[in-house]
Chemist: 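Dumping the structure here so I can ask a few things about it.
Letters go in sequence order (proteins before strands), and every chain restarts at 1.
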Amino acid sequence: MYEIRIHSRGGQGGVTAAKLLALAAFRDGKYATACPFYGAERRGAPVVSFVRIDGEPIKIYSQIHEPDLVIVLDTSIMDVVDVLQGLKAGGTVLLNSAHPITGCNGASLHVDLTGIALAENLVVAGSPILNTPVLGALAKMGVVTLPSAEQAIREMFADERNVKAARVAYEELKA
Amino acid sequence: MLTIATGNKAVAAAVKAARPGVVAAYPITPQTEIVEQIAEYVTDGDLESRYIPVESEHSAMAACIGASVTGVRTFTATSSHGLLYMHEMVHWAAGARLPVVMANVNRALGPGWNTWAEHTDAFSQRDTGWLQVFVGTVQEAYDATLMAFKIAEDERVLLPVMVNLDGFSLSHITQALDTVDIGDFLPPCHLPHAIDTENPLGYGPMTGPADYFRFRWDIERSMRDARGVIAEVEGEFCERFGRSYGPTEDYRCEDADVVVVAMGTLGKEAEVAIDRLRDEGIKAGSMRLRWFRPFPDLDLAGRDVVVIDRDYSFGFGGVVAHSIRSKAGVSPYSVIAGLGGQEVTYNDIADFVRDRCPGEETWFGVNDHV
């Protein structure tokens with residue numbers, strides 16, 4: 001089982017990112033669950049969402065305490081939340097950042113999701129949309145396939161710019 | 001059609017397929033997504049139904065009752081404080097023998113204010129005459145809601161059915177969902193005692209001491225008959241759609257020395273714990289209790305039983321543990337866990353089995369047996 005924890009702030013689309021990722025994995029023919037952890041929802045407050053992907057039906061409903069992959073959609077959270085907590089040895093961190101961030105372990109990847117969203121003018125209520133471009137980065141990492149990522153995005157969003165942003169993230173992702 | 005959905009969306013999809021004539025509801029976290037989705041179906045013309053956005057849950061159930069006495073199929077959804085606010089009408093729906101179907105997204109009661117999963121809300125309605133089923137997956141939320149209409153409307157039952165799903169841990173989780181073309185699985189609702197709206201009359205429901213108990217007995221008789229009806233409906237559902245359900249979902253129980261009994265999502269998570277325990281050589285199994293009313297006969301004699309209660313009856317004990325004690329004749333290890341969404345993992349459940357003390361009660365997260 002591959003377990004993913006997504007850190008974001010309320011309103012940034014972390015919950016939708018988890019659903020999109022689960023849908024893409026499902027379109028890859030795998031079992032997947034997305035579980036948001038709801039606290040007292042407030043825009044801007046740190047939130048976490050969980051995604052599990054496996055070849056067998058998933059019976060676990062509790063939170064992910066030892067993720068294989070941590071996704072950080074807003075790196076300012078790293079000042080207040082230990083995003084690396086419980087990360088498995090050999091696990092990966094994916095950061096929404098134009099630059100590498102020191103302090104993360106060697107397996108940290110980064111891509112400028114915010115810049116990609118802004119370049120495509122993917123902005124809702126003043127916030128760049130991060131949950132569709134991140135799917136492209138995850139496809140590059142092999143978590144899901146690119147065709148399934150694109151299909152999942154199209155199933156949830158009519159605006160084709162979301163697919164384009166995912167493709168750009170797929171191309172731009174670098175270690 | 002195969003897709004993914006939340007538990008809430010699965011319930012709404014089943015309601016769309018069941019085509020109730022009236023849906024009356026008031027939103028409450030974590031149920032709101034159900035009634036929002038149904039309202040959208042009605043607005044978009046995907047569901048031809050009268051959607052009544054009432055001002056309270058008491059009115060939601062009252063509106064369902066008023067609609068149901070005309071013989072129309074009715075649905076509502078609620079949770080926690082909403083369910084308790086409609087309590088008087090919950091009794092009324094059963095007493096009036098109306099096959100209302102309600103989804104209850106299980107949530108703790110305040111104060112302290114808490115929107116997470118607990119079963120105390122549903123158990124507080126256990127003596128109302130409603131059938132109650134608890135589901136453990138998104139697919140089951142869909143399937144059980146569909147079957148609930150058929151069971152409630154069966155002339156041998158004619159009692160309302162409550163479909164319970166855990167707040168957030170199932171209502172908001174996304175899993176695979178296979179929606180079906182229900183065909184003629186649900187025939188039109190036929191209520192033998194429906195009022196004739198073309199011939200309006202006044203009814204007085206006053207029932208004196210010479211008769212009242214007969215109506216109470218009739219509810220119990222139907223509740224007993226409901227066991228057979230549930231088995232029939234679940235059997236037909238399996239034949240048509242290939243998914244099998246029963247009063248419990250038993251996992252590796254055949255040769256088990258110790259059986260975990262739990263409900264809802266904890267009952268599914270327990271299966272993961274069972275696999276771990278089996279790997280250690282502990283012959284464990286799990287029994288996820290699906291039907292709470294009517295309460296099923298359980299074969300648990302001769303083995304250790306660990307009951308996880310996501311509820312509590314103060315001054316008495318875990319409701320499920322005591323139900324098991326009286327109905328199955330065993331003295332379980334009673335674990336009170338998951339109250340108000342308390343995090344309980346498969347590792348914790350495996351620990352409950354390893355550390356079991358039959359006959360005792362423990363509160364997970366509170367030190368020592370109490």
Chemist: Going by residue number, which parts of residues 22-34 of chain A are within reach of chain B, meaning a heavy-atom gap below 4.5 Å?
Modeler: A:A22, A:L23, A:F26, A:R27, A:A32, A:T33, A:A34

Chemist: Quick one: which of B:V258, B:V261, B:L298 gives a side-chain contact (heavy atoms from CB on, under 4.5 Å) with B:V305?
Modeler: B:V261

Chemist: Among A:K88, A:R5, A:R52, whose side chain to side chain donor-acceptor pair (under 3.5 Å) with A:D68 holds?
Modeler: A:K88

Chemist: Using a 4.5 angstrom heavy-atom cutoff, name the option from B:T115, B:T3, B:V138 with the most pairs to chain A.
Modeler: B:T3

Chemist: Given side-chain contact (heavy atoms from CB on, under 4.5 Å), test A:L95 with A:M78 step by step and report yes or no.
Modeler: CA-CA 10 Å; A:L95 304 167; A:M78 295 162 76; 4.0 Å; yes

Chemist: Who pairs with B:D279 by salt bridge (charged side-chain N to carboxylate O under 4.0 Å, His left out), at least two apart in sequence or on another chain?
Modeler: none

Chemist: Does any backbone or side-chain atom of B:L2 lie under 4.5 Å from a heavy atom of chain A? Answer side chain, backbone, both or neither.
Modeler: both

Chemist: May I ask you to decide whether A:D54 forms a salt bridge with A:K59, counting only side-chain N to carboxylate O separations under 4.0 Å?
Modeler: no

Chemist: Could A:E171 and A:K140 be called an ion pair, given the rule that one side-chain N must be under 4.0 Å from one carboxylate O?
Modeler: no

Chemist: Salt-bridge test for B:E140 and B:R288: reply yes if a basic N is under 4.0 Å from a carboxylate O, no otherwise.
Modeler: yes

Chemist: Using non-hydrogen atoms only, which part of B:E343 is less than 4.5 Å away from chain A: side chain, backbone, both, or neither?
Modeler: side chain

